Protein chains: 2
Amino acid sequence: MGYQPNFFARTLSTPAQKQRSNLVAILVSDFSNPFQSYLFEVLSNTLQQHAKQPMLVNVKHEQDLDQAIMRLSGYQVDGVVAVAGSLAVEGFEQCLRLSLPLVTLGRADERGIISSVQTDNYQAGRLAAEHLLSLGLSKLGFVAGRNDGSASNERLLGFQHLITERLGEQALVLYANSYGYSAGFELAVRAIEAIRNLEGLFCASDALAMGVMDSCRNVSGIRVPEQLRIVGCDDVPQAAWQGYQLTTIAQPVGEIADTVMLKLNQIWQNQELAPTLTRLSPKLKVRRT
Amino acid sequence: MGYQPNFFARTLSTPAQKQRSNLVAILVSDFSNPFQSYLFEVLSNTLQQHAKQPMLVNVKHEQDLDQAIMRLSGYQVDGVVAVAGSLAVEGFEQCLRLSLPLVTLGRADERGIISSVQTDNYQAGRLAAEHLLSLGLSKLGFVAGRNDGSASNERLLGFQHLITERLGEQALVLYANSYGYSAGFELAVRAIEAIRNLEGLFCASDALAMGVMDSCRNVSGIRVPEQLRIVGCDDVPQAAWQGYQLTTIAQPVGEIADTVMLKLNQIWQNQELAPTLTRLSPKLKVRRT
DNA sequence: TTGAAAGCGCTACCAC
DNA sequence: GTGGTAGCGCTTTCAA
């Protein structure tokens, strides 16, 4: 009959372990990154489907992180999911101190203190190489993203390993130092001579790949995919746009979100639980063959 | 010294009007719409800058709306901002019944019961027409978005009015029935013969415009902008990508967010306040001249 | 089965 | 000033 209990009062009264606020914070550092923004969307959807209310916390500067986490604990959130694209994992230790359940995405914790869900980036690199090699291409390159995280480096590693195994030589590496569209576009302008000699190019993100593609087509007149095959990484919704039809290594976003939910539920049910790192397999998504 | 008060307990104790939860809900219906997703991002940023915690509520189906609003009131949110792209304004009356401060975006309330911030869509249409006419073009068309909201229709109205005033004739209207990229792409494939005869095309959203553009360039071989000028509407971040360089009618997103903040603050300070409708002026953003 | 009371964390108020 | 107390809305527990 239209009555709505006060959730605040409820959490207040109930023995902390049994009833909860059902608030889960999603920490995002860089919304302009299409993949992070996509991940946020999927994640918040999954949370809602499990009757959790997502709270968004946008942390632009690393130094705001501690304060943001404090505020979250003030809101009695049941857990924190960190889409830690450009934030160092160490910054999240505050959560542990406050014993806030925490799962990070995007950057693994080397020390095994923090639970984390990752895409297997090494395998992603191998998949990309596998695909390009299977097309009979041999002059290959890689466009690296940010250098301060492990994602781009691991993708490169997997890519190079398979290429060295099969061809006995290394791929050319170009450094964009960012995962963004513009970085890809500008890199392709700058490094056009190197790119002209390539047959296949694996980019550390879809946005990079789209930037490179646009630059090749509209600035340098390189025909994609006829003269140059480009493979992206992430599989953001835009990669499917008919203008791009980007072949890409898809991160299993749905699976990532489900795993996050699973881990949170485990922590909630089980109080004490060793932090775990889960690596999920990426999948090759071939478009425009 | 690391102590964090429990916000819940605080709201509980304090005379409702003075201290608040500082939680503001953002209701979004369609995250796949790039403009809504962009608006959400800007909005949540503005809220955070005013020390408000954004809560995301994703309402896919109209029938879930009432329940979602009930839950929000259970969380004692201080206000609700509805990005009401595909939801009818009437659905939000529940907020009024619970006397939850409410501001809607994207769809105005005809009856003046609900506060709302809008871009002046009629003016947007006029601006687009003005621009195309100033380039000396006379064979003009419009790609309509969803028909159930007023946005697309008002843009069409402004567009047609100015064209009729200046040329004494009407622009061709094509119906995509959606604001999405794919709808634009497919429409341009379907209606290619009509489009071939045009010199300028105003699309009801940037995503539509990009879809049309890609279809023209990659399927039909129409050169954009040499043979056909395309003008979008919204100014999403992607419109600036070098591959598109889309001339567009920019919604004043920053101003919209600030106005929302202003209205919420007014309501909070002033208890009773007549609902107001604010129309903000769009701006022409010329790219690739 | 139903009802009354205590207590969750905090703030407001009113004595002192 | 400064402490002590009541009460916010709810759940849990214990008594009738």
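No experiment lies behind these values; they were computed from the predicted model shown. What's counted below: heavy atoms across the whole structure, side chains too, no hydrogens, waters or symmetry copies. Protein chains get the first letters and strands the later ones, always in sequence-line order, with residue 1 at the start of each.
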Gap between atoms [atom1] and [atom2], on [X] and [N] respectively (whole Å):
X      : N       : atom1 : atom2 : answer
Q4(B)  : dC10(C) : CD    : C1'   : 13 Å
F8(B)  : dC8(C)  : CZ    : P     : 18 Å
R20(A) : dC8(C)  : CZ    : C1'   : 16 Å
F7(A)  : dG9(C)  : CZ    : C1'   : 19 Å
Q76(B) : dC10(D) : CD    : P     : 8 Å
Y3(A)  : dC10(D) : OH    : C1'   : 8 Å

Minimum-distance nucleotide (side-chain atoms of L12(A) versus dC10(D), dC10(C), dG9(C)):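 For L12(A), the side-chain atoms sit closest to dG9(C).
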
Going by the angle between their ring planes, with limits at 30° and 60°, are F31(A) and F40(B) parallel, tilted or perpendicular?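 Perpendicular.
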
Of the options E154(B), Q251(B), R155(B), E255(B), which is the one that meets T119(B) in a side-chain hydrogen bond (donor to acceptor under 3.5 Å, both in side chains)?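 Filter result, single survivor: Q251(B).
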
Shortest non-hydrogen separation from A144(A) to L208(A) and the atoms involved: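 Result for this residue pair: O-CD1, 4.1 Å.
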
Flag yes if more than 12 heavy atoms outside K283(B) fall under 6.0 Å of its NZ atom; otherwise flag no.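 Yes, the 6.0 Å shell around NZ holds more than 12 heavy atoms from other groups.
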
